[in-house]
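The structure under discussion appears below in the form of structure tokens.
This structure is a prediction, so every number in the text was calculated from the model and none was measured. In what follows, every chain begins at residue 1, and chains take the letters A, B, ... in the order their sequences are listed. FYI, side chains are in, hydrogens and waters are out, and symmetry mates aren't considered; it's all heavy atoms of this structure.
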Amino acid sequence: MAEPLLQVKNLSVSFQQDTVVDAIDFDIYGGETFALVGESGSGKSITALSVLRLLPNNANIQADSIALNGQNLLTIPEIEFCRWRGRRIGLIFQDPMSSLNPVMTIGAQIAEVIRLHFSLKPADIERRVLELLQQVEIPNPQRRMREYPHQLSGGQRQRVMIAIALAGRPELLIADEPTTALDVTIQAQVLALLKKIQQQTGMALWLISHDLALVSNMADRIAVMEKGVLVETATRAEFFKQPKHPYSRKLLAALPEMRHCQDKTAMPSAPLLQVNDFKVWYPIRKGLFKRVVDHVRAVDGVSFSLQQGKTLALVGESGCGKTTLGKALLNLVPASGGQVWFDGIDLGQLSGEALRKKRAEIQMIFQDPFAAMNPRMLIADIIAEGLKALRPEINAEQRRQKVLQLLKQVELPASSAMRYPHEFSGGQRQRICIARALAVNPKLIICDEPTSALDVSVQAQILQLLKDLQQRQRLSYLFITHDLAVVGEIADEVAVMYQGKIVEMGPAKQVLMAPQHPYTQKLLKAVPVLAAV
Amino acid sequence: MIQYIIRRVAYAIPLLLAVNILTFVLFFVVNSPDDMARMQLGQKHVTEQAINNWKHQHGYDLPLLWNAEQSGLEKLRQTIFYQKSIGLFLFDFGISDSGRNIGHDISERMWPSLALALPSLIVGLLVNITVALMMVLFRNSYLELGTIVLCVILMSISSLFYIIGGQFFIGKILKLVPISGYDSGFSAIKFLILPIIISVISGLGAGARWYRTLFLEEVEKDYVRTARAKGLSEVQVLFRHVLKNAMIPILTGVVVVLPLLFMGSLIMESFFSIPGLGSYTIDAINRQDFAIVRSMVFLGSVLYILGLLMTDISYTWVDPRVRLS
Amino acid sequence: MIVLWTDGLIFILVLAIAVSITLMLRKPHFKRPLAKITQSKTGMVSLVVLLCFAGIGLLDSVHYKDSKTQDIISLLDHFARPLTERSEKTYSAPFSAYLYSKEMIIGEDGLEKWDYPRLKYGGAHLNNPEQEKWPDILSKAATGFGKGVVLALLLYLIFWMICGRKLAESFRPATKAALLTLFLVISLFYMLAYLSHWYHVLGTDKVGEDVFYQTLKSIRTGLVIGTLTTLMMLPLAIGFGIMAGFFRGWVDDVIQFVYTTLNSIPGVLLIAASILMVQVYMANHAEQFTSVLVRADMRLLFLCLILGVTSWTGLCRMLRAETLKLREMEFVQAAESLGVTRPTILIRHILPNVMHIVLISVVLDFSSLVLAEAVLSYINIGVDPTTYSWGNMINGARLEMARDPVVWWSLSAAFLFMFTLVLAANLFADTVRNAFDPRRAEHG
């Protein structure tokens, strides 16, 4: 085998007392795609940043050597190292919106790298910027280079980031979760672009990701990181055929897959939730007197029904109106039209106290378990809040009993009751949120991306918990998600939403395996699936 | 954009009306025109006739808010409130209680105010930004710590001491510049140097600290990391990326006070005997000349609202993300 | 015992602070930052200094009618009686035995001559001030300091005996620094008090009054303005800010209109107008005020009120912005879907999550208010001219800067005390902000 392009020997990174990267060794060879896989907090991003010396000052980096093309980077003084960053090693970050300077045109941001590393005439620089924008397939580059980041779409911004990273003609491109913030169809395009450019330029690609399915389609070699330790390094073929380390096996097992969807034919019965021609429109006001000239149709005439004890997955990309629909059903966002029949009652006919009580039978679990709990309240008070509001007649002791019972249901220790939210991990918090929702005996729970902020292994546990609860308590779920693999794990029926409308609806197996609508087909095609090895 | 400006100007009218009502209530409800006349004419030995004459002369011989003797709209119009307010809205400030033309005084005295306030603002801004940038560049070093301590000390000293100390040491002991006074044209410079230096120093502590937090906030953002990954050095990162973004809150914070610079600085002007609007206001307060104080309140409000409008517009210039609608 | 308006409010404030600290100690999200403050050296040292000022201010806030003179005096006046009774004819420098200005005096030889006369009280025990004065001052200072040290040690001993053992384990560098500061303050203060039996340690002013006494009395004025103003504005700022952010719609419009109106009036002019109004009112209703002290107190209170009215808008705007952010948070939406009523959400979810902002801004405002008092008094729209305040001291002294030799002591005394108080307040405010601001808290 040839000399490695990047050779890392015995790298450790620590912040004060915490060691976040613990004595890892790996090599990256020229022209290959090397994937570093791990869950959040495993230290994979820190590893990349420490190679480029981009960590904050309080980080303590130690290594025997970090060598690029045989030259030890650790011995290069900071002033000279500036000429290496961007020139020899390019870097792409997760969130293209915050990673681009909002007050500079994208042309200027790309030109800056070129001016820094190559001595070119202004006209040549502009030509090179255009060339780069064409290379990352941004349409109309002449105009786009004078625009600001906020005028571009998410996918285009990430393309600009790639252009910035390519501008120095690096030998190694580090991509730190390059598609995590993007929709699945855009993700597929960006990955294809990365692959194409790699083939054109012959540079090495160091891909950092949490997504094994994605990695299986991209990487030549895979390294798995757990809590700062590199537990396994293998070629793709070896890894997916027979992962050696138990943690790798666990990761693979936890991966949700569409083909797990079951063919459940529902017994026709009276629906629990029946939504007819439901609309949420936001007015657009213009002119001197702020007249309403048009509407943003976030949810535009949606109809569906959901039976007791079943799960309807509402699938769509960001901005399709799926979250707005969920919130509008709870009256957190005012609806503009349509009917909602819940449990045989038209919610539009209820008002005041009756509505408040009835609505409490619909509960919601949110995406971000960190934001979903008041940081100033005890877990016991958080869970008991709904009881206090809806059933003031029960006394404190009964409430306490109920809280303990709920904690047991979501498999948390009773001692959690007297603690505060910040003491729990993401998965535990999501369990508390589920307990809070269960406290008021709901019939329907709207789950708004409940697992997308969680690691795969935790995600699998939460999905299992939700399934168990559904079986025991005949709960119905309206499961809002962008992740089709998760849909396969949990849904009985699937509704695909696109620009405020439902474009396809049916049993899970039918929609996932034999999609009819072109948008659904496109969506499904873009989902990364574990590549057959 | 133009529609936005029109709407904002329309919004200013109720605001100014509210300001006017408030000052009117403050001045006239407790303090009747009779009291004012007595105060202006001297407390003792004032005849009823003299008071009535004074009131008539200055337009205070009408009812306050409601004239029952008149009919129709005149019931509202023939009142002190209407007569005194309508002039203000037309920027006709009338005559002061001591008989001078306020509008003329203002147009004459705002230039010395501006000559002091504008350089103070600009020099202060430059010095503050320089010090703040230095602190951010050398962050986590003893130099930064020392500068922070110095800033806290500077901001713990009352501005009065800066003025008194400056006048005493530079003016009286070292005799570098005249202690106070003013002159027309360019010869005013020697009178202005000391007050400008003093206002820059007295604002340095709080200003530099505030800008430092703004810079530090920007330094922690993701795009700064991108800039470093491009290969820019720390100084280049600060000047090309951080400064540009931090200038948005700094500039808009400056724009809002720009119109108010005409009003001058009360304390500086009175200490250094600069014949600006600030000392004019102080004199009015001390002489209890309500007509002047009322005019200055109105003028201040107009300038403040103008400043708010200019801030909104300046956002669209410095921040490409902002569009007014 | 006579309770003036500001006295009453101060005691209510002290009570409120005590109650809120006990409440805060029960909540971990407050206890953690508080513990952080106790670990900070600058924070603890500045807190001790602030508490010493507060102690003097509180002593000066217990008023009663003196049985002999029928004047209303405070406990501080009682302790400082030697200072009040020993007034000279006019200016005299600190530790001086002679008057500032020359007079016709009759010498020992019976001849009249134009010279500096001896002071009635300052250094009166000396026969030959030129030679005896400095050795005398040094020896008396040493004695005073020694007695102060003994007093401080005695206090520590008593404290130790009552609750020492438990505290001993939790001794930290910050606690040591705080105790050392307290030790120095007590000793030095005792030394000054001891010396002022024989000398005017900070000189005398135009009418011969002791400047040390004046600065001590000024402490209360500064503290009252710094704290009561906040007390006045807090209900307005919190109530309006949270309501505007939470209910939005027309409530928000009205509140925004109110604070834009108030903001657009130049603050100084609003204060000036209000103070002029009060002056006229007081002149017309002189019978309502039994004494000069009561009248000055009313004016002080009113000044706090009007300063509060002009300064609530800043905090209100901050709270509105924060509430707007919070109400979109998912825990608020969760509470709404659980059927929790809006007032309950406001009190249980919004209010506790903005309290750290309130706390930070209260502490930050304190020092700027103390500084503002001096400026306002200079324009004659501050406290009553008869009230002792640093602003009035500066105002009186600055006119004398032109004299030769310069009368520097009133100004220096005001500067020294004001600077110490404001510096301590600023340093403490920084510590509080670092401890409570969640973004700063992350960085340790």
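- Only the side chain of Met263(B) comes within less than 4.5 Å of a heavy atom in chain C; its backbone stays farther off.
- Looking only at atom types and distance, the side chain of Ser377(C) has a donor-acceptor partner in the side chain of Glu373(C) under 3.5 Å away.
- Only the side chain of Leu266(B) has a heavy atom closer than 4.5 Å to any heavy atom of chain C.
- Comparing Ile265(C), Leu421(C), Leu262(C) by how many heavy-atom pairs each has under 4.5 Å with chain B, the most go to Ile265(C).
- Options Leu269(C), Asn395(C), Leu270(C) differ in how many heavy-atom pairs under 4.5 Å they form with chain B, and the most are formed by Leu269(C).
- Contact of Ile285(B) with chain C is made through backbone and side chain together, with heavy-atom distances under 4.5 Å.
- Heavy-atom distances place no part of Phe298(B) under 4.5 Å from chain C, backbone and side chain included.
- Contacts of Leu308(B) with chain C are made by side-chain atoms alone, with heavy-atom separations under 4.5 Å and no backbone atom involved.
- Only the side chain of Thr281(B) comes within contact range of chain C, with heavy atoms under 4.5 Å apart.
- Between chain B and the residues Leu411(C), Val268(C), Ile381(C), the most heavy-atom pairs under 4.5 angstrom are made by Leu411(C).
- Counting heavy-atom pairs closer than 4.5 Å to chain B, the top residue among Leu371(C), Asn263(C), Thr260(C) is Asn263(C).
- Counting heavy-atom pairs under 4.5 Å between each of Ile153(B), Val293(B), Thr23(B) and chain C puts Ile153(B) at the top.
- Glu269(B) and Ser113(B) form a side-chain donor-acceptor contact under 3.5 Å, judged by distance and modelled atom types alone.
- Both the backbone and the side chain of Ser270(B) come within contact range of chain C, with heavy atoms under 4.5 Å apart.
- Neither the backbone nor the side chain of Ile275(C) has a heavy atom closer than 4.5 Å to any heavy atom of chain B.
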